[in-house]
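Below is one structure, written out as C-alpha cells; comments come after it.
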There are 2 protein chains.
Amino acid sequence: MAVTLADVAAHAQVSSATVSRVLSGNYPVSEATRARVLRAVGELDYVVNGPASALAAATSDLVGILVNDIADPFFGIMAGAVQSEIAELHGTGAKLAVVCNTGGSPERELTYLTLLQRQRAAAVVVTGGAAEGADHAAAVAAKLGRLTDAGTRVVLCGRPPLPPRGDGEPAVTTLAFDNRGGARRLTEHLLTLGHRRIGYVTGPPDRTTTRHRLEGHRAALAAAGVPGAGAPAAAGTSAAERLTVHGRFDRASGYDATLELLRREPELTAVVAANDTIALGACAALRDQGLRIPADVSVAGFDDLPFSADAVPALTTVRLPLHEAGARAGRLATNREPAPPGGVATIRAELMVRASTAPPRDRG
Amino acid sequence: MAVTLADVAAHAQVSSATVSRVLSGNYPVSEATRARVLRAVGELDYVVNGPASALAAATSDLVGILVNDIADPFFGIMAGAVQSEIAELHGTGAKLAVVCNTGGSPERELTYLTLLQRQRAAAVVVTGGAAEGADHAAAVAAKLGRLTDAGTRVVLCGRPPLPPRGDGEPAVTTLAFDNRGGARRLTEHLLTLGHRRIGYVTGPPDRTTTRHRLEGHRAALAAAGVPGAGAPAAAGTSAAERLTVHGRFDRASGYDATLELLRREPELTAVVAANDTIALGACAALRDQGLRIPADVSVAGFDDLPFSADAVPALTTVRLPLHEAGARAGRLATNREPAPPGGVATIRAELMVRASTAPPRDRG
DNA sequence: CTGTTAGCGCCTTCAA
DNA sequence: TTGAAGGCGCTAACAG
C-alpha cells in the first residue's frame, strides 16, 4: 500500500535502521548516507507511519487541548496560543497540537480525555473552568491522574488546581486564574463609584468559574456592608441572591437575564456580568429598555476579550492575559519551562476601567 | 507499563483475540464471555492502545479539522459544528475530531496535513479560504490527493473546489460558499439605496475568499455602470481600485483601512467590508471621525456572525450558514451523507438587511 | 558509523 | 464460538 521505511531503505541501499536514524536525527549518521536516504525519502514521497512509530517508541507526538466552547474567543485565544507555542517546535520534535471541543459537557470532557489517553498523547492542556458535581470532578481527577501516570504531561490552564493526591506529588501543573480577586476588585470599583443596587448576571451555577467570580463579587459587597449581601450559602432570598441571575455564558442569556433583573429591581444602577459576552447582551437589553450606559446603568464584564474595548461604550472589565497564559501552558506541556513552585501558579486579573461604568445617577 | 489486551485476556481467562473481538464488536462472541471480558476491562481500567490498533488495522479514528484562525468565531462555529457532528458517533465508531490552527499560513497548513497524513487520519476537513500562490495551491492539492489515495476522506468546507485531477474522479468533496454571489447581492443592495461612492475594505489579496468577494462587489458595480468600476485586473488606479483597501481579516485592520479610505475619498457614503469583523472596525473608525451610521455612512459586512445582529446599529451583512455547513461537512467526512453530485455543492449566501445601511444623505 | 534482531500491542486470517 | 499465530511499520538495543 503506502511507502514504508523498508521501501526507502531498499531504495537507498541501507538498512531500515539507518533510515529511521536519519529521520529521527537522534543518532550519528554519515553525511553521505544521510543525503542518500533523504533523497530516497523525497523520491518515494515517504511519510512516516505515526501509529507504527508511536507503538514502537511508546510515545506519540499528539498534544490535546480541551476547550469548553470553540466558538467562544475566550477559548479560541487560549487554544491558539497553546497551539502556536507547540507548533514552534520545528524539525524533530514536530508535535500535532490539536483542540477538542467539549461543549462544556462533563461526559464529553471525559470522552476526549479517554480518546487522548488511547492515543497515548504526549500532553494534554485542559482550559477553562470545570463542572462542579462531586462525581464528575472525581472522575476527571482520576482520569488526569491516570494520564500523568502513563507519562502524559497534564496542564490545567484557567482551571482551579486538582485536590492533592495522596502521594504527595502535585498531580498536574496548574495555571489558575484569579477569578475571585478580579471579580472582587471589579465590584469594589462599582462600589467606590457609589453603586449600591448592583445586579449580577452569570453562567451555569455548577461551574468553578461561575462560583469563584460570584464569590469575589459577594465578598466585595459584604465588605462594603451592602445590606443583605450575606454569604452565598445563606438560605432564603437575600438581596444578593435576588439580584443574581444565572444563565449560560452567552449573549442571549445575558440579554434575558438582564431583563429579568430589571423586573426584579427596576432601581438597578449597575449590572455586573460574569463575562464580556454576557455583558454585551446586558448592554443590548438595557438599551432596548431605553436605558443609557453608563448614564442610567453602568455595566461591567470580565475577561477583556478583544471586542470589549470596541463596544460602545467601551466596556469596563477585568483583563485576563489569555494569550500569555495559553503560551505558558504550551511551554509547560512541552517541558520548555519549569513548573511553578508547588505546581500551581495564579494568573493575575487586572481591572480595566473604561467608559461603561460611571457614578450612579441618583445616590441611593 | 500500561494494561494491555493480553492482561485483560489473562484476567478474563480468554484469548486476546476474543478480547479484541468484544471490544471492536464486529464479530460474534457469546454473551457470557462477553460479559466476563467487559468486567475485566472495567476492573483493570483498560484503555485501548490507539497507535497499536491503528497500526494493526491500518486505520485510525483521528479526524482533523483545519482552520485559519481559531480565535475567529467564523472558524470556531464551523469547527464546532464539524466536531459535534463527528462526536455524535458513539460507541464503536468513536472518532477523535480535532482542530488544527494554521493561522492562515500555507506552510503550517501543509505541515498539519502531513502530520495528519502521518497519523493516517480517517478524514480531514479543511475550512475557510485558501492561499492563492500557484505553488502552494498545487502543493496543497497534491497533498490532499495523496491523502485521499491513502484512504483518508477529505472534505473542503467554505473553500473553492480543487482543480479536477487527470483521473476523472472528483478529488475531494467540496462545500463551497457562494462568496461572489453574496458579495454581489450586498453591493447591489447598496446601489439600490442610491450609493455610488462605495469603499471596500478587505483582507489579504492572496486569498480566495478575498478575491471572490471582491469580484462579486465589482461585478455589481460594473453592472450598475458605476464610473471607473472596471475589471479588477485592469492596470492603473481605477476608481474601484482606489476605493479598495486590503489588510487583514480583523477589526484593527478594518479600523485603519477605513481611515485610509476616508483620506482617499472624504465623500464616501458607504463602506463594504469583506467580513463582519472588519466591518466592526470600520464602524469604530467612522464613529471616531464623528460620522454617524447609517445617517452619514452606511456599513455592511459579510458572514453574519452572532455579534453582527447585536452591533449598534445592527449590521447589514450576508449570512453564511456556518453551522449547517460544518455539520454537513462532518457527516460527509464520516460517510453518513452521500457526496453531492459532481462532488461539489455551493452553499447559498443570504443577504441580511439591517440597520447599518440606509440611503445616502446627499445624492451623488 | 551501520546492520541485525527483537519486540511494541493489536487485528485478523486460519484452524479447531 | 474460540484460540493460535503471523505480521502491521517502526524503534532500540546489541553487535560489528
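Each chain gets a letter, A, B and so on, in the order the sequences are listed, and its residues count up from 1. Keep in mind it's a predicted model, so treat the numbers as computed, not measured.
The side chain of B/S20 contributes an N or O atom lying less than 4.0 Å from OP1 or OP2 of C/dC11. At the phosphate of C/dT2, OP1 or OP2 sits under 4.0 Å from a side-chain N or O atom of A/T33. Checking the phosphate oxygens (OP1, OP2) of C/dT2, no side-chain nitrogen or oxygen of A/T18 falls inside 4.0 Å. A sub-4.0 Å separation between OP1 or OP2 of C/dT4 and a side-chain N or O of A/S15 is absent.
At a threshold of 4.5 Å between non-hydrogen side-chain atoms, the residues B/T152 and B/L116 do not count as touching.
Closest approach to the B/T4 side chain among C/dG9, C/dT4, C/dT2 is made by C/dG9 (side chain taken as heavy atoms from C-beta onward). The side chain of A/A17 approaches C/dG3 more closely than any other nucleotide in the set D/dG9, C/dC10, C/dG3. Of the candidates C/dC11, D/dA12, D/dT11, the closest approach to any side-chain atom of B/A56 belongs to C/dC11. In the set D/dT2, D/dC8, C/dG3, the nucleotide with an atom closest to the side chain of B/L55 is D/dC8. Counting only heavy atoms from C-beta on, A/N26 has its side chain closest to D/dA12 among D/dA12, D/dA13, C/dC1. Here the nucleotide nearest the side chain of B/R21, chosen from C/dT2, D/dG3, C/dC10, is D/dG3. For B/S30, counting side-chain heavy atoms from C-beta on, the closest listed nucleotide (D/dT2, C/dC11, C/dG3) is D/dT2.
Residue B/L5 contributes atom CG, which lies 12 Å from atom P of C/dT12 at whole-angstrom precision. The nearest whole Å value for the distance from the CD atom in B/E31 to the C1' atom in D/dT2 is 15 Å. Atom C1' of nucleotide C/dC11 and atom OH of B/Y27 are separated by 12 Å, given to the nearest angstrom. The distance between atom CD of A/Q13 and atom C1' of C/dT2, rounded to the nearest whole Å, is 14 Å. The interatomic distance linking A/Q119 (CD) with C/dC10 (P) rounds to 13 Å, in whole Å. A/R118 places its CZ atom 13 Å from the C1' atom of C/dC10, with the value rounded to the nearest Å. When rounded to the nearest whole Å, the span between CG of A/L23 and C1' of D/dT11 equals 12 Å. Atoms CG (A/N49) and P (D/dG9) sit 7 Å apart, rounded to a whole Å.
From A/E85, atom CD reaches atom CZ of A/R328 across 12.0 Å, with rounding to the nearest 0.5 Å. How far NZ of B/K143 is from CD of B/Q117: 4.0 Å, rounded to the nearest 0.5 Å.
B/N101 places a side-chain N or O within donor-acceptor distance of the main-chain N or O of B/I70, the cut-off being under 3.5 Å.
With A/L62 as the partner, the side chain to side chain contact (heavy atoms under 4.5 Å, CB included) test is satisfied by one option alone out of B/V98, B/L115, B/L96: B/L96. Just one of B/V41, B/V37, B/T33 meets the side chain to side chain contact (heavy atoms under 4.5 Å, CB included) condition when paired with B/V22; it is B/V37.
Across all strands, A/V19 comes closer than 4.0 Å to no nucleic acid atom at all (heavy-atom distances).
Map A/V14 and A/A52 each onto its nearest nucleotide of DNA chain C; the residue landing nearer the 5' end is A/V14.
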